[in-house]
Amino acid sequence: MACQQLSSHSAIVGSEEHDQEAIDELIASLPQTKGVVGPFLSLYQNFWCPTSRIANVIAFQRHFQAKHKDIVLASQPKAGTTWLKALVFSVVNRSRFDISNTPLLTLNPHELVPHVESQQYGNNPRPDLDSLAEPRLFATHIPYPSLPECIKRSDCRIIYICRNPLDTMVSSWHFFLAIARLEGQPEWSLEEHFETYCQGKIWYGPFWEQIMGYWKESLERPHKVFFLKYEDLKEDIVGQLKKVAEFVGLPFTEEEEEGGVIEEITKMCSFKTLKDLEANQSNKVLVINTKVEKRSFFRKGEVGDWVNHLTPSMVDRLNSIMLEKMSPFGLEFKTC
Ligand code: PAP
């Protein structure tokens, strides 16, 4: 059933013509859920995609042309995407900007490194991406199997950031509630959100499928997919950033290391620095199909905030999902 669904979708994706009617028919045929979180989700290629973004995803799959130097930042929502965007942007552009003139001072990381499926392909099935400075940086929440084939086949690199599901779940509850409040939508409880999360019916979920897709690929092709954990960044940001720089083919020189360039970048991209910037304060709204206040990307930025929210039975349930779906493949998380 799952494979059938994937292959009939592949026919649409593979079609050269931009056949809006066929796309609309496909979207209308997909299983749908309202869930409790935001807009409708549809089960497209075995992941729960916000229905309003499926056409964008298809356009991305059909028309995107990878270049060998491209860097794709992939994540599950609320796993540390904003942080990763700021860090990799700074690493890649360190010869163009230093800390005194970095665009991070005036722009939110999501404006600097837009999400392909919600921003670049948001209003245009064929955005002009050729003129972007190289190496081009892209971000996506799409699971690995659904990435455009050219990304998988080319030499471009993928950095995936992952976070322990206990904190990710709590973070996503706060984030989606902030959006609901901004839009005057009804609110929902942590318990309701938790249930949806554990059922996998959450943006780009089930979360275990999305995480494991990238994890397995990172084991099979470590030169292609770099698997980064939020908790490891927290513990040793300098060491992790060196690995990121090497992975993208731009290692820090001895001179840079001695000159404190790595520390400067990590300080610039720290939770406190970014959160306090005027560019990331309230009343600044980013539009990614949905309106989001920039400050809602910076809440607490800690490992272990779940202890303040989850009951022992909730923790047991999430732990057993991790034990069943992830541990057998060697993936474990630090949770405090
Ligand atoms: P997104 O997928 O919608 O872009 P994402 O950036 O992945 O969201 O997740 C936001 C989380 O990262 C928030 O976690 P919290 O709710 O537990 O606080 C946010 O605070 C945290 N975050 C954002 N920027 C940083 C940073 N520079 N350092 C550490 N954590 C950060």
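For ligands, and for the atoms within them, numbers begin at 1 and follow the listed sequence. All figures in this text were calculated on a predicted structure; none of them were measured in a lab.
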Chemist: Would you check whether Q76 has a nitrogen or oxygen atom less than 3.5 angstrom from a nitrogen or oxygen atom of ligand 1?
Modeler: no
Chemist: When only distance counts, is P77 in polar contact with ligand 1, meaning an N/O pair under 3.5 Å?
Modeler: no
Chemist: Counting both backbone and side chain atoms, is some N or O of E302 under 3.5 Å from an N or O of ligand 1?
Modeler: no
Chemist: Could you check, using the six-membered ring where one of them is a Trp, whether F207 and Y197 have ring centers closer than 6.0 angstrom?
Modeler: yes
Chemist: Looking at F226, is K243 sitting on its ring face, NZ or CZ under 6.0 Å from the six-membered ring centre and within 45 degrees of the normal?
Modeler: no
Chemist: For ligand 1, which atoms sit closer than 4.0 Å to a heavy atom of S270?
Modeler: 27 (N)
Chemist: At what distance is the nearest protein heavy atom to atom 2 (O) of ligand 1, and which residue and atom is it?
Modeler: T81 OG1, 2.7 Å
Chemist: Which protein heavy atom lies closest to atom 8 (O) of ligand 1, and at what distance to 0.1 Å?
Modeler: K78 NZ, 2.8 Å
Chemist: What do we get for R163 next to ligand 1 when only non-hydrogen atoms under 4.0 Å count, side chain, backbone, both or neither?
Modeler: side chain
Chemist: Does ligand 1 come near enough to G301 that some N or O of the ligand is less than 3.5 Å from an N or O of the residue?
Modeler: yes
Chemist: Where do Y204 and P77 come nearest, in terms of heavy atoms and distance?
Modeler: CD1-CG, 3.9 Å
Chemist: Within the structure, does F175 bring an N/O atom to less than 3.5 angstrom of an N/O atom in ligand 1?
Modeler: no
Chemist: Do the numbers put R126 on top of the ring of Y121, so that NZ or CZ is under 6.0 Å from the six-membered ring centre and no more than 45° off the axis?
Modeler: no
Chemist: How far is atom 4 (O) of ligand 1 from the closest protein heavy atom, and which atom is that?
Modeler: H110 CE1, 2.9 Å
Chemist: Nearest heavy-atom pair of S75 and Q210: which atoms, and what distance?
Modeler: O-NE2, 3.0 Å
Chemist: Name the residue from E117, Q45, E149 that meets the side chain to side chain donor-acceptor pair (under 3.5 Å) definition with Q61.
Modeler: Q45
Chemist: Does H141 come within less than 4.0 Å of ligand 1, judged by its heavy atoms?
Modeler: yes
Chemist: Provide the number and element of each atom of ligand 1 under 4.0 Å from a heavy atom of S171.
Modeler: 11 (C), 13 (C), 14 (O), 15 (P), 16 (O), 17 (O)
Chemist: Enumerate the atoms of ligand 1 whose separation from the nearest heavy atom of G80 is less than 4.0 angstrom.
Modeler: 5 (P), 6 (O), 7 (O), 9 (O)
Chemist: Is it the case that H115 and T140 place a side-chain donor and acceptor less than 3.5 Å from each other?
Modeler: no
Chemist: So, is S75 polar-close to ligand 1, with some N/O to N/O distance under 3.5 Å?
Modeler: no
Chemist: Any chance you could lay out the side-chain hydrogen bond (donor to acceptor under 3.5 Å, both in side chains) test for S313 and D316, step after step, and finish with the verdict?
Modeler: CA-CA 5 Å; S313 73; D316 282 350; over 6 Å; no
Chemist: Do K152's NZ or CZ and the ring of Y144 fall within the cation-pi criteria of under 6.0 Å and 45°?
Modeler: yes
Chemist: Check ligand 1 against F298 and write out every atom of the ligand that is under 4.0 Å from a heavy-atom position of the residue.
Modeler: 20 (O), 23 (C), 24 (N)
Chemist: Is it the side chain, the backbone, both or neither of K275 that has a heavy atom closer than 4.0 Å to ligand 1?
Modeler: neither
Chemist: Can you see whether W83 has K234 sitting over its ring - NZ or CZ less than 6.0 Å from the centre and within 45° of the normal?
Modeler: yes
Chemist: What protein heavy atom is closest to atom 28 (N) of ligand 1, reported as residue, atom name and distance in Å?
Modeler: W83 CD2, 3.2 Å
Chemist: What residue and atom, counting heavy atoms only, is the protein's closest point to atom 22 (N) of ligand 1, and at what distance?
Modeler: F297 O, 3.9 Å
Chemist: Is it true that H174 and H309 share a donor-acceptor pair across their side chains at a distance under 3.5 Å?
Modeler: yes
Chemist: What do we get for A86 next to ligand 1 when only non-hydrogen atoms under 4.0 Å count, side chain, backbone, both or neither?
Modeler: neither
Chemist: Are any of the N/O atoms on D167, whether in the backbone or the side chain, positioned under 3.5 angstrom from an N/O atom of ligand 1?
Modeler: no
Chemist: Going by atom types only, do N164 and E231 share a side-chain donor-acceptor pair under 3.5 Å?
Modeler: yes
Chemist: Check whether any heavy atom of H115 sits under 4.0 Å from an atom of ligand 1.
Modeler: no
Chemist: For ligand 1, which is the ligand I care about here, please tell me if T82 has any N or O atom under 3.5 Å from one of the ligand's N or O atoms.
Modeler: yes
Chemist: Have a look at ligand 1 and work out which part of Y230, if any, has a heavy atom under 4.0 Å from it: side chain, backbone, both or neither.
Modeler: side chain
Chemist: Report the part of A79 (side chain from C-beta onward, or backbone N, CA, C, O) that has a heavy atom under 4.0 Å from ligand 1; answer both or neither where that applies.
Modeler: backbone
Chemist: Aromatic contact between F176 and W203, with the criterion being ring centroids under 6.0 Å apart: yes or no?
Modeler: yes
Chemist: Considering only protein heavy atoms, which is closest to atom 20 (O) of ligand 1, and at what distance to one decimal place?
Modeler: R299 N, 3.0 Å
